[in-house]
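One structure is given here, and the rest of the page talks about it.
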Number of protein chains: 2
Amino acid sequence: MGDIYRALADPTRRALLDELVERDEQTLFELCTRLAVKHDLTPSRQAVSQHLDVLEEAGLVRTERRGRYKLHTIDTAPLEEIPTRWPTRRRDP
Amino acid sequence: MGDIYRALADPTRRALLDELVERDEQTLFELCTRLAVKHDLTPSRQAVSQHLDVLEEAGLVRTERRGRYKLHTIDTAPLEEIPTRWPTRRRDP
DNA sequence: TTGACACGCAAGCCGTCACTTGCCTAACGT
DNA sequence: ACGTTAGGCAAGTGACGGCTTGCGTGTCAA
């Protein structure tokens, strides 16, 4: 299993998660166009594909083959480690 | 303000947060020795200092000067953005 | 069957990041 | 006053990450 934190480190990958939270089962090209329109990000198709690979290795994205399409779905379960590992501890005001 | 996600990307910085969750107001040298003993990490003093700078810029660590000591304290408030930005959405099993 | 479409693989380039190295300042104890 | 201790500054190095480039594979429609 990959590294959740390294996966979250890149702004393009975070934008991909933003899109997948709003709509499940999106293809690579759908995500490319949504990045361009809604986030002003215009990386190449291969770049987005590599980003999705990182997210999938981290367990944050699940994929399903359907014909010639590969559908991407978010899985937020690995993120639950974060508030567990560092519980709320504010500075005394 | 810096980037929380980039700050979390490095394992040494995560180990520093682990130590600061267990004990507040630690100095640079205290954190160095704890990294070595409890996490088998032996980076140099300057390396740890730079990591703490990144954490402070991200708002995850607050510092307080006390004489010749600089005390470091965790602030988990910025982490609350994460479950807010990507709410729980599991894959249907 | 042929062409277009959605996607994968792999090598290479280049910028960023983590770390080191060397020297410096400031605070404390004796 | 002097040496020690805690920490800071800045330039340089090596490696990793994000991106490109070019080509290849499988799927579907006409």
Side-chain angles (χ1 to χ4, degrees), chain A residues 1-20 23-37 39-73, chain B residues 1-20 23-37 39-58 60-74:
Chain A
M1 184 91 86
D3 188 351
I4 335 172
Y5 304 99
R6 201 187 72 82
L8 291 178
D10 186 88
T12 302
R13 286 196 286 268
R14 296 198 292 271
L16 284 170
L17 292 179
D18 289 340
E19 286 309 309
L20 289 172
R23 179 181 301 199
D24 274 357
E25 299 194 338
Q26 294 195 62
T27 69
L28 175 58
F29 279 96
E30 282 175 331
L31 290 166
C32 282
T33 59
R34 287 180 189 275
L35 283 187
V37 174
H39 298 267
D40 286 316
L41 296 173
T42 54
S44 70
R45 174 185 62 86
Q46 291 84 351
V48 177
S49 178
Q50 287 167 5
H51 281 307
L52 289 169
D53 287 343
V54 174
L55 290 170
E56 188 174 6
E57 275 224 12
L60 291 168
V61 162
R62 309 272 182 172
T63 61
E64 181 189 353
R65 268 273 168 194
R66 197 172 299 173
R68 60 176 158 175
Y69 300 106
K70 184 177 185 183
L71 304 178
H72 301 264
T73 303
Chain B
M1 182 91 85
D3 188 351
I4 338 170
Y5 305 99
R6 200 187 74 82
L8 291 177
D10 187 88
T12 302
R13 286 196 287 267
R14 295 198 292 271
L16 284 170
L17 292 180
D18 290 339
E19 286 310 310
L20 289 173
R23 180 180 301 200
D24 274 357
E25 300 194 338
Q26 294 196 61
T27 69
L28 175 59
F29 279 94
E30 283 175 330
L31 290 166
C32 282
T33 58
R34 288 180 189 274
L35 282 187
V37 174
H39 298 268
D40 287 315
L41 295 173
T42 56
S44 69
R45 175 185 62 87
Q46 292 83 351
V48 177
S49 178
Q50 289 165 3
H51 281 307
L52 289 170
D53 288 342
V54 174
L55 289 170
E56 188 174 7
E57 274 223 12
L60 291 167
V61 163
R62 310 270 180 173
T63 61
E64 181 188 354
R65 267 274 168 192
R66 198 172 299 172
R68 61 175 159 174
Y69 300 106
K70 184 178 185 182
L71 305 178
H72 301 264
T73 302
I74 193 174

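So you know, we letter chains A, B, ... as the sequences are listed, proteins then strands, and number each from 1.
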In whole angstrom, give the distance that lies between atom CD of B:E25 and atom P of D:dA6.
17 Å
When A:G67 and A:P43 are each assigned the nearest nucleotide of DNA chain D, the 5'-most assignment goes to A:P43
Below 4.5 Å, heavy atoms only, C-beta onward: do A:V54 and A:R13 meet side chain to side chain?
yes
Can you establish whether the number of heavy atoms outside B:E19 located under 6.0 Å from its atom CD is more than 12?
yes
Name the residue from B:L16, B:L8, B:L52 that meets the side chain to side chain contact (heavy atoms under 4.5 Å, CB included) definition with B:L60.
B:L8
Rounded to the nearest Å, what distance is computed from the OH atom of residue B:Y5 to the P atom of nucleotide C:dT16?
22 Å
4.5 Å side-chain heavy-atom contact, A:T42 and A:L35:
no
On DNA chain D, compare the nucleotides closest to A:R66 and A:T42; which residue's is nearer the 5' end?
A:T42
How long is the line joining CG of B:L55 and P of C:dC17, in whole Å?
14 Å
Given side chains that start at C-beta, do those of B:T63 and B:E56 come closer than 4.5 Å, heavy atoms only?
yes
Given C:dC17, is OP1 or OP2 found less than 4.0 Å from the side-chain N or O atoms of B:R13?
no
Between A:L52 (CG) and D:dG18 (C1'), how many Å, whole number?
14 Å
Contact check, side chains of B:E64 and B:H72, non-hydrogen atoms, under 4.5 Å:
no
Can you check whether A:H39 reaches A:R34 side chain to side chain, under 4.5 Å on heavy atoms?
no
Length of the CD-C1' vector between A:E57 and D:dG17, whole Å
14 Å
Five-pair end axes of the helix from C:dT1-D:dA30 to C:dT30-D:dA1 and the angle they enclose, rounded to 10°
30°
I'd like a list of close polar pairs between nucleotides 7-11 of chain C and the protein, N/O only, cut-off under 3.5 Å.
{"from": "C:dC7", "atom 1": "OP1", "to": "A:L28", "atom 2": "N", "distance (Å)": "3.2"}
{"from": "C:dC7", "atom 1": "OP2", "to": "A:F29", "atom 2": "N", "distance (Å)": "3.2"}
{"from": "C:dC7", "atom 1": "O3'", "to": "A:R65", "atom 2": "NH2", "distance (Å)": "3.4"}
{"from": "C:dG8", "atom 1": "OP1", "to": "A:K70", "atom 2": "NZ", "distance (Å)": "3.0"}
{"from": "C:dG8", "atom 1": "OP2", "to": "A:S49", "atom 2": "OG", "distance (Å)": "3.3"}
{"from": "C:dG8", "atom 1": "N7", "to": "A:R45", "atom 2": "NH1", "distance (Å)": "3.4"}
{"from": "C:dG8", "atom 1": "O6", "to": "A:R45", "atom 2": "NH2", "distance (Å)": "3.2"}

Is there side-chain contact between B:T73 and B:L20, with heavy atoms separated by less than 4.5 Å?
no
Distance in angstrom units between A:D10 CG and D:dC19 C1', rounded
11 Å
Mark yes when over 12 heavy atoms from residues, nucleotides or ligands other than B:E30 sit less than 6.0 Å from its CD; otherwise mark no.
yes
Within less than 4.0 Å of OP1 or OP2 of C:dC17, is there a side-chain N or O belonging to B:H51?
no
